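Keep in mind the model is a prediction, meaning the values are calculated, not measured. This chain uses plain numbering: 1 for the first residue, then up along the sequence.
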Amino acid sequence: MLYFALVVIGWFNIYSASLSETATVFFDFQNIHSKQLAWIGLSIVLILFILGVDSKFYERFSSVIYLVAILSLAGLFIFGSTIAGQRAWYVLGGVSLQPAEFVKAATALAMAKYLSDIQTNIKEFKDQLKAFLILSIPIVLILMQPDPGSALIYFAFIFPMYREGLHASYLLLGFFAAFLFVVTLAFDPPLVIAGVILLAFTLFLKNRKKRPSIFKYVVVVLVCSGFSLSVDFVFDQVFKQHHRDRFNIVLGKEIDIKGVGYNTNQSEIAIGSGGWFGKGWTQGTQTKGNFVPEQHTDYIFSTVGEEWGFAGSFLVVLLFVFLIIRLLYLAEKQHSTFNRVYGYSVASILFVHFFVNISMVIGLFPTVGIPLPFLSYGGSALWGFSVFIYIFLRLDSQKHIHG
């Protein structure tokens with residue numbers, strides 16, 4: 001029910017964001033909302049097919065599904081079409097499909113299969129390398145498109161790996177590296193290094209009664225200092241100009257409300273103008289004036305904020321939270337490791353999509369092109385998430401039989 005509630009809410013907001021004053025008929029494939037309605041109808045057919053397949057099929061053929069998914073990404077460089085600067089789409093008869101949206105489910109199946117193998121111990125380094133290899137192949141192929149937003153999502157798999165025994169230091173290391181990266185961009189590296197030294201010295205004094213090894217503290221300071229000094233190189237040489245501009249705008253280094261920062265600025269205006277209860281469906285002035293580019297896709301939440309206000313936005317957030325919690329609850333109830341890992345993967349991917357997209361729309365995160373699940377326009381995203389969730393529901397439906 002949560003799935004269908006979000007899909008219906010998404011369609012109503014896509015309808016509003018794409019409504020044309022010149023439209024004379026409701027269902028016309030020239031209209032975006034009509035196309036989305038067709039995708040929703042086809043999703044129901046896809047869901048019925050997924051539920052009709054024996055649950056053991058997904059575990060038994062997980063490696064084959066993963067291989068086919070990887071080949072679909074590699075095939076883009078030969079048969080794919082370039083849209084908006086990204087070679088990430090297959091165009092067949094006027095219909096475009098983005099394989100990266102489906103590879104998430106395939107990677108989740110492969111990860112679940114590997115972690116559920118009786119010979120796998122995720123606490124051992126060699127098994128950790130194999131798990132990270134499963135993730136790195138789709139990440140590298142997606143980065144080559146280039147689509148850094150979709151590649152970013154795959155780091156959500158660290159959560160199911162942590163649930164199965166991966167040491168917490170990996171999580172802490174990842175969060176600290178991201179924090180250090182952003183802080184170094186905001187301040188000069190020498191200042192950040194001085195802060196790291198001060199923090200290390202404080203911790204050393206605090207733990208001096210335990211006679212800590214000063215060598216470990218020196219190594220940590222040197223590694224953090226080297227990482228901080230490398231940030232500028234990575235930022236200038238690896239990131240593209242539009243990525244650098246978006247980070248600088250979020251960090252307050254640039255004010256460009258008419259250029260790169262236009263989307264985010266207009267999105268914030270739209271959401272802020274909605275007040276407590278919004279302006280009403282199809283009554284949003286920012287939405288009707290097309291002030292927010294791509295509002296029906298990545299910025300669909302700004303339509304929710306303007307036309308449904310704080311109350312509508314809170315409802316959408318609440319539905320996502322309930323859905324994620326429900327998925328985690330079902331994952332914990334599974335009798336097999338395969339089902340549990342897959343369930344955690346679904347919940348983690350949904351959470352990262354949801355968190356990053358809304359943070360992006362309200363200006364807390366750089367624009368990286370990540371859709372809001374079930375609400376953003378797009379057949380590939382809707383199908384991808386439908387496959388993702390309903391494979392898990394199929395696995396859950398027979399957990400007692402195959403447990």
Mutual orientation of the aromatic rings belonging to F320 and F354 [parallel < 30°, tilted 30-60°, perpendicular > 60°]:
parallel
Please evaluate residues K123 and H167 with respect to the criterion side chain to side chain contact (heavy atoms under 4.5 Å, CB included), reporting the C-alpha separation (whole Å), side-chain torsions for both, the decisive distance (0.1 Å), and the verdict.
CA-CA 7 Å; K123 296 180 181 180; H167 198 276; over 6 Å; no
Of I65, I137, L141, L73, the residue whose pairing with V103 passes side chain to side chain contact (heavy atoms under 4.5 Å, CB included)
L73
N-O pairing of E332 and R340 below 4.0 Å
no
Can you check whether Y377 and H33 have ring centres sitting under 6.0 Å from each other?
no
Side chain Q145, main chain Q86, donor-acceptor under 3.5 Å
no
Does a side-chain heavy-atom distance below 4.5 Å link P99 with L76?
yes
Could you tell me the separation between the CG atom of D147 and the CD1 atom of I370, rounded to the nearest 0.5 Å?
8.5 Å
Check the pair D117, T120 against side-chain hydrogen bond (donor to acceptor under 3.5 Å, both in side chains), reporting the backbone distance first and the verdict last.
CA-CA 5 Å; D117 193 316; T120 300; 4.6 Å; no
Here the pair of heavy atoms bringing D54 nearest to R394 is CA-NH2, 3.9 Å
Output, in order, the C-alpha distance, side-chain angles, deciding distance and verdict of side chain to side chain contact (heavy atoms under 4.5 Å, CB included) for I47 and L393.
CA-CA 10 Å; I47 289 169; L393 294 182; over 6 Å; no
Of the non-hydrogen atoms in Y58 and I50, which two are nearest, and what is the gap between them?
OH-O, 2.8 Å
If you round to the nearest 0.5 Å, how far is OH of Y15 from CD of Q36?
14.5 Å
How far does OG of S386 sit from CG of L46, to the nearest 0.5 angstrom?
6.5 Å
To check you understand the geometry: which heavy-atom pair defines the closest contact between T337 and L115, and what is its length?
CG2-O, 3.9 Å
About how many Å separate CD1 of I134 and OG1 of T107, when rounded to the nearest 0.5 Å?
9.0 Å
Looking only at heavy atoms, the pair that brings A331 and Y344 closest together is CB-CD1, 3.6 Å
Indicate yes or no for a side-chain donor-acceptor contact from S228 to the backbone of C224 under 3.5 Å, with no hydrogens or angles considered.
no
Any donor-acceptor pair under 3.5 Å linking the side chain of Y90 with the backbone of Q98?
no
Counting C-beta onward and ignoring hydrogens, is there a side-chain heavy-atom pair between L109 and I391 closer than 4.5 Å?
yes
Hey, what do you get for CZ (F227) to CZ (F176), rounding to the nearest 0.5 Å?
9.0 Å
Would you give the length of the straight line joining atom CG of L71 to atom OH of Y66, rounded to the nearest 0.5 angstrom?
10.5 Å
Tell me, do W39 and V95 make a side-chain contact under 4.5 Å, heavy atoms counted?
yes
Does the ring centre of F388 sit less than 6.0 Å away from the ring centre of Y342?
yes
Compute the centroid of each ring, for Y3 and then for F374, and state whether the two points are separated by less than 6.0 Å.
yes
So F351 and F355, would you call those rings parallel, tilted or perpendicular, with 30° and 60° as cut-offs?
parallel
Compute whether any side-chain donor of one residue and acceptor of the other, for E307 and N13, lie under 3.5 angstrom apart.
no
Heavy-atom distance under 4.5 Å between the side chains of S43 and W383, does that happen here?
yes
Show your working on side chain to side chain contact (heavy atoms under 4.5 Å, CB included) between W89 and S380 and close with a plain yes or no.
CA-CA 10 Å; W89 306 83; S380 295; 4.2 Å; yes
Quick one: does L350's side chain get under 4.5 Å of F385's, heavy atoms only?
yes
For the student: nearest non-hydrogen atoms of H353 and P371, plus distance:
ND1-O, 3.1 Å
Between V196 and L180, is any pair of side-chain heavy atoms under 4.5 Å apart?
yes
For I9 and L319: C-alpha separation, side-chain torsions, deciding distance, then whether side chain to side chain contact (heavy atoms under 4.5 Å, CB included) applies.
CA-CA 11 Å; I9 290 173; L319 288 173; 3.6 Å; yes
Any donor-acceptor N or O pair under 3.5 Å, side chains S16, T303
no
Is it the case that the side chain of N339 and the backbone of H335 share a donor-acceptor pair, with hydrogens and angles ignored and the cut-off at 3.5 Å?
no
Any chance the side chains of D127 and Y114 put a donor and an acceptor closer than 3.5 Å?
yes
Quick one: does any side-chain atom of R87 pair with a main-chain N or O of G80 as donor and acceptor, under 3.5 Å?
yes
Taking all atoms of both residues into account, what is the closest heavy-atom pair of P160 and S348, and its distance?
CD-OG, 3.6 Å
Is there a donor in the side chain of S313 and an acceptor in the side chain of W308, or the other way round, less than 3.5 Å apart?
no
Heavy-atom check, side chain of V361 versus side chain of L372, under 4.5 Å:
no
